[in-house]
Amino acid sequence: MIEINNLTKRFDKTVAVDSLSMNIDKGSVVGLIGSNGGGKSTILRLLAGVYQPDDGTVCIDGDTLFDNAQAKGKCFFIPDFPYFYNNSTINNTAILYKRLFPNWSDERFEQLCSLFPIGRNDKIINMSKGMQRQAALILALSTCPKYLFLDEIFDGLDPVVRLLLKKLLAQCVSQDEMTVIIASHNLRELEDLCDRVCLIHHGKAVVDRDLDSLKDSYSKVQVAFSQEPENENPFLGIPVISLKQNGNVYNITIKGKENEFMPQLNALNPAFVSAMPLTLEEVFICEMEVAGYDVNNIT
Amino acid sequence: MMSTTSPKNKLRQGLSVIAWDIKSCGKVCAVFSILAVVSSIVIMTICLSATSSLYAVETFQLISMYFVAALAEIFTIIYMVKTFSYLHNKRKADLYGNLPIDRITLFLSKSVSSFLLALIPTFFFMGIISIISLCCGTPLGNETISLFIQLPLGTLAVVAAYGLLAVCCGTTTNTIVMLLTVSISYPLSAFFVKGVFGAFYKGAYTPIRFNSFIMQALNPFAAYDGNFIYWLLFSGVCICASLLLVKRRKAERAQSAFAYYLPCHIVKALVAFLFGMIIGTIFGSLNVFGFALAGFIFGFILGGATAFVLSHLAFYKGFTKLLKSSVVLGALIIVVSAAMTVIDLDASGFNQFVPMTDDVQSAGLIDINYTYTESGKNIGELTLDSVNDFTDKDTISKITFAHSDLVQINKRSSAEKYSNIWIEMANSDPHSFGSSIGIAYKLKDGSIVSRVYSYSRIEGLLNALVNEDYSLYYPYNSADTNEIAATKKYQEKHSGYLNASLDSISNIGVADISIINQSVSKDSYEKIIEAIRKDYRNDTDKSGLLYIPEITYSEQISLLDSNVYDKKIAINISYSKRNIADLNNSIMSDFYNKLSPEAETYNETICIPPTYKNTIKALKEANILDKDGKVISGENPSYYSFIDGNDVYSYGGYDADSKAYTYY
C-alpha cells in the first residue's frame with residue numbers, strides 16, 4: 001500500500017507538489033492526469049524515491065522510499081525519457097538489473113523478450129522512441145515490481161504494443177497484485193486501464209476518485225424543446241457545467257448522476273432528452289474548467 | 001520507517017555498479033590502450049635508433065613510463081566525467097535514482113570505478129614496459145618504481161577532488177571548469193602571497209618552497225608528485241565531505257549551476273584574488289597615482305572585480321545571484337586592501353629593526369654558503385640554533401653591523417617592493433639564492449629575534465648588469481660576515497671537515513704548489529679525516545689552518561696560489577650533499593639530482609700547516625705525499641692543474657691510453 005501524507009515538493013520558488021495526501025491500495029491501477037507542469041512527473045519521482053520530499057512523507061508498505069535500497073527493490077520507475085548508455089542492450093542491462101533487483105525473474109525476462117518485437121542484443125540508443133520504451137518495459141517488468149510507476153508510457157507505442165502493454169499490466173495486477181501508477185495525457189488508454197484517476201493541477205489533487213464513479217458523476221445530455229423555453233435559463237437548479245444552444249436544441253454537461261437530474265429535466269417537458277456518459281477526456285476538460293484551467297482562460 | 005541493507009548486499013550492489021561502469025567505459029579504455037601501445041612503440045624505436053645502446057632501454061623505460069602516466073592523467077578526467085555524470089544529467093539521475101542502491105554506496109562505487117579505470121590499464125602497460133626493460137637486462141630505475149606509488153596516490157587525490165566538486169556542481173562543465181580553475185589559480189595565488197611576503201618582509205624566513213604542499217594544497221594534480229601523507233589526508237577529507245554532501249544532495253540539482261555554493265564562492269574568490277594581484281602588482285610597481293599602495297588597491301579592485309564577474313558568468317551562464325555573491329568580492333577587497341596597507345607601511349617596523357649591541361645577550365650568524373650540517377634542519381632552524389654562538393661584544397657588534405648593512409641593502413621604495421614581488425615569486429627555491437645569511441639574537445629581555453636574508457641570483461645578476469658592478473652579484477657577504485664565518489667557533493659548528501660523517505664524503509683531493517689535486521683512495525678517507533680532527537683538537541693556536549668553504553673552483557685555485565707558497569698542503573673535501581632541509585627539499589634539487597647527482601656536491605678546502613703532523617703522516621701512508629711531504633702525481637687524478645706564477649693551467653679528461661690530459 002502506498003501512503004502519501006501532506007507531500008510537498010518545491011523547486012526554488014515553484015511549488016510542484018502542494019500538500020498532497022492519498023492512499024493507494026495494493027493491486028490498483030491509478031492514472032495521474034492533469035495540466036502540463038501540474039506536478040504528475042514530480043509525484044512519480046517522489047514515489048520512486050528519485051526526489052526527496054520537502055515536506056510530508058511517501059511510504060510504501062510502511063517504508064519511506066528515498067535512499068532506501070530495500071524499499072526501492074520493490075518498485076520500478078520508467079520516466080518519460082528513459083536513459084540508456086551508448087553501449088546498452090537489453091541483455092547487458094539485464095545483467096545489471098538482475099544483480100540489483102531482488103525479484104528479478106529470468107523466466108519473465110525471456111517471456112517478455114519473446115513478446116515484444118525488438119532485438120535483445122541491439123543497442124537501445126539506436127532504437128526508435130517506441131522501441132526504447134518497449135526495452136524499458138521488458139526490463140521493468142522483469143524485475144517483478146510490486147509497484148510500477150510509468151510516465152507517459154504510451155508515447156510512441158504503436159496500437160498493437162499498446163494493447164499488449166495493457167494486457168500485460170492487467171495480467172500483472174490480477175496475478176501478482178502489482179500496483180501501477182501511470183501519468184499520462186493519453187486519457188483514452190488510461191480509461192481502458194485505470195480503476196482510479198487522480199487529476200493533478202498546480203500540485204494538488206483536484207479530483208481523486210474511482211474511474212467509474214467519476215464518469216458516472218458527469219453526463220452529456222441533449223435536450224430538445226418543441227418551443228423555445230420562455231425562461232432565459234431553463235436549467236435553473238440543475239448543476240450544468242457547460243451549455244451549448246442551437247435553436248431549440250441544448251447540449252449540456254451536467255454534474256451528477258442520471259437518476260438525480262433526469263426528473264428535473266423531464267419536468268421541463270422537453271420534446272427529446274438523451275443522456276450519455278462522458279469520456280475521460282471530457283471529464284478531464286470539465287474538471288479542469290472547474291479548476292480554472294479553461295481554454296478561454298489561457299492567454 | 002527505513003529498512004536497511006546488509007553490508008554484504010551493499011558490497012554486491014557496489015561491485016555490480018563498478019562492473020557496469022567499467023564495461024560502459026570499454027571504448028575509452030580501448031582508445032587509451034591504442035595510444036599507449038603506439039606511443040610506446042614510437043618511443044622505443046626512437047630510443048633504439050637515436051640513443052647509444054648503453055642507455056637505449058633505460059631511456060625507453062623512463063620516457064614511455066612517463067608518457068603512459070601522463071596519458072593516464074588525461075584519461076582519468078574522461079573516466080571521471082563519464083562516471084560522475086549521473087549527478088549532472090537529469091535522465092541519468094532518473095536511472096540511478098530508481099536503482100535499489102543507496103546513494104553513499106553508489107557514490108563510492110562510482111569513485112572506485114574511476115580509480116580502477118584510470119589505474120588498471122595504466123599499470124598493465126607500465127608492467128609490460130617493465131617486463132621489456134627487464135628482459136633487455138635493464139633493471140627498473142628508482143624513478144620508474146616511484147611512479148608505481150605516485151600514480152595511485154595522484155589518481156586517488158584527483159578522483160576524490162573531482163568527486164567532491166561533482167557533488168557540489170550541477171553540471172559537468174562547471175565541475176571540470178572548477179577543477180581546472182582551482183588547480184591553476186590556487187598555486188599561482190599561493191605564489192603571490194609568498195611573493196608579497198618575500199618582497200615586503202626581507203629577512204623573514206619561511207620554509208615554504210616551490211614544491212611545499214601548502215603551495216599546491218588545493219591542486220590535486222600535484223599529488224602525482226607530492227607529499228604522501230598530505231595527499232592521503234586530502235583524499236580522505238574530500239571523500240568524507242563528498243559522502244556527507246551526497247547524502248543530502250537533491251537529485252533535482254542536476255543541470256542547475258550548483259548544488260552547494262561554497263566551492264563556487266571559494267573558486268571565484270581565488271580567481272578574483274589572482275587577477276586582482278596581477279593587475280594590482282603591475283599598477284603598484286608602476287607607481288600609479290604616484291602612490292604605489294593606492295595603485296595596487298585600484299588595480300586589485302579592477303582586476304578582482306572583472307575576474308569575479310567573468311567567472312560568475314562562466315559558472316551561472318548569466319547574472320543570476322551576482323549581486324548576492326558580490327559580498328564575497330567585497331569582503332576579499334576589504335581584507336586584501338587592509339592587509340596590504342599594513343604590509344606596505346611596515347606597521348610592525350620589522351624591516352628596520354636592528355638591536356643595539358648593548359641590548360644583545362648573545363648572537364649568531366649563518367652563511368648558507370659556508371655551512372655544512374648533518375642535522376637536516378632548514379636555514380631558519382640553523383639560524384635559531386646559532387643564537388648562543390657568540391657572547392663577546394666585539395663579535396656581536398660585527399653581527400649587528402652586518403645586519404645594519406643588510407637592512408640598508410634591502411631598503412626599497414614602495415614601488416620597488418611591488419616590482420620585487422615577481423622576483424620573490426621566482427625566488428621560491430634556495431638554489432636560486434645567490435647568498436643567504438641568517439642572523440639571530442637573544443636580547444637581554446629574553447626575547448629572541450631572527451632574520452634570514454636571501455638574495456636571488458636573478459636579482460643579483462640584474463643589479464650587477466644594470467649597474468655594471470659585479471660585487472652586487474653577491475651583495476650580502478661583507479668583510480664582517482666573512483670574518484665571522486672564518487672564526488674557529490663557526491668552523492667547529494658548521495664546517496664539514498669537523499662535522500661530516502664519512503658516508504657523506506664523496507671525494508678528497510690533495511694539492512701543493514707543484515701538483516694540485518690528487519684523488520685519495522676511499523679506504524684512506526677515515527684515517528685522513530680522523531688525523532685532521534685530531535690535529536685540530538691538538539692545535540691550540542689554530543692560526544695556521546686556513547679554512548676555505550664552498551667557493552668556485554677558480555677561486556679555490558687562486559686562494560691556493562696565494563697560500564700554498566708557505567709549504568701548506570691543501571686538502572679539498574667534497575660532500576655528496578649537505579643535509580640542509582631547504583636544499584634537499586626543493587624542486588631544483590630534484591631536478592639537479594636527476595640531471596647529475598654530482599651537481600649537489602658541496603666543497604670545502606682546508607690548507608693545513610706543517611704542524612699538522614698526524615694529517616701529513618696519514619697522507620704519506622695513503623701514498624699521497626712522498627717522504628718529503630710533496631704530493632705524488634697519481635695514475636688517474638680527477639683533474640690536474642698547474643700554477644705558474646700568477647697563471648693557472650687546468651687539465652681534465654685523462655686519457656688512460658695516451659696517459660695525457662686534455663687542456664681546457
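In what follows, chains carry the letters A, B, and so on, assigned in the order in which the sequence lines appear, proteins first and then strands, with residues in each chain numbered from 1.
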(message) To the closest 0.5 Å, what do you measure between CZ (A:Arg120) and CG (A:Leu112)?
(response) 10.5 Å
(message) Report which part of A:Asn92 has an atom under 4.5 Å of a heavy atom belonging to chain B: side chain, backbone, both, or neither.
(response) both
(request) Let me know if A:Tyr97 has heavy atoms under 4.5 Å from chain B in its side chain, its backbone, both or neither. (result) side chain
(request) Among the options B:Ile104, B:Leu95, B:Thr105, pick out the one with the most heavy-atom pairs lying under 4.5 Å from chain A. (result) B:Leu95
(message) So which residue, B:Pro100, B:Ser24, B:Ser256, B:Gly26, ends up with the most heavy-atom pairs under 4.5 Å with chain A?
(response) B:Pro100
(request) Tell me, for B:Asn89 versus chain A, whether the close heavy atoms (under 4.5 Å) come from the side chain, the backbone, both or neither. (result) side chain
(message) Could you report the tightest heavy-atom contact between A:Gln132 and A:Ile125, atom names first, then the distance?
(response) NE2-O, 3.6 Å
(message) Heavy-atom pairs under 4.5 Å with chain B - which of A:Thr93, A:Asp80, A:Ile78 has more of them than the others?
(response) A:Thr93
(message) Could you report the tightest heavy-atom contact between A:Lys9 and A:Pro53, atom names first, then the distance?
(response) CD-CA, 4.5 Å
(request) Would you mind checking which part of A:Arg45 comes under 4.5 Å of any heavy atom in chain B, side chain (CB onward), backbone (N, CA, C, O), both or neither? (result) side chain
(message) Please report whether the ring centroid of B:Phe315 lies less than 6.0 Å from that of B:Phe258.
(response) yes
(message) Counting only non-hydrogen atoms closer than 4.5 Å, does B:Lys250 touch chain A with its backbone (N, CA, C, O), its side chain (CB onward), both, or neither?
(response) side chain
(message) I need the contact set between residues 12-23 of chain B and chain A: heavy-atom distance under 4.5 Å, sorted by residue number.
(response) B:Arg12, B:Gln13, B:Ser16, B:Val17, B:Ala19, B:Trp20, B:Asp21, B:Lys23
(request) Would you please say whether a donor-acceptor pair under 3.5 Å links the side chains of A:His185 and A:Asn36? (result) yes
(message) Side chains of A:Tyr147 and A:Lys72: any donor to acceptor distance under 3.5 Å?
(response) no
(request) Counting only heavy atoms closer than 4.5 Å, note whether A:Asp151 contacts chain B via side chain, backbone, both or neither. (result) neither
(message) Heavy-atom cut-off 4.5 Å, strictly under: side chain, backbone, both or neither for A:Asp12 against chain B?
(response) side chain
(message) Looking only at side-chain N and O atoms, does B:Lys92 offer a donor or acceptor that is under 3.5 Å from a partner on B:Ser85?
(response) yes
(request) Name the member of A:Tyr83, A:Phe101, A:Tyr51, A:Phe81 that forms the most heavy-atom pairs with chain B at distances under 4.5 Å. (result) A:Tyr83
(request) Let me know which of B:Thr83, B:Val167, B:Thr76, B:Ile176 forms a side chain to side chain contact (heavy atoms under 4.5 Å, CB included) with B:Tyr162. (result) B:Ile176
(message) Looking at every heavy atom in both A:Cys198 and A:Met22, which two are closest together, and how far apart are they?
(response) SG-CE, 3.1 Å
(request) Look up atom CG in A:Leu148 and atom CD1 in A:Ile182, then write down how far apart they are to the nearest 0.5 Å. (result) 7.5 Å
(request) Mind listing the closest non-hydrogen atom pair of B:Tyr260 and B:Arg249 along with its distance? (result) OH-N, 3.0 Å
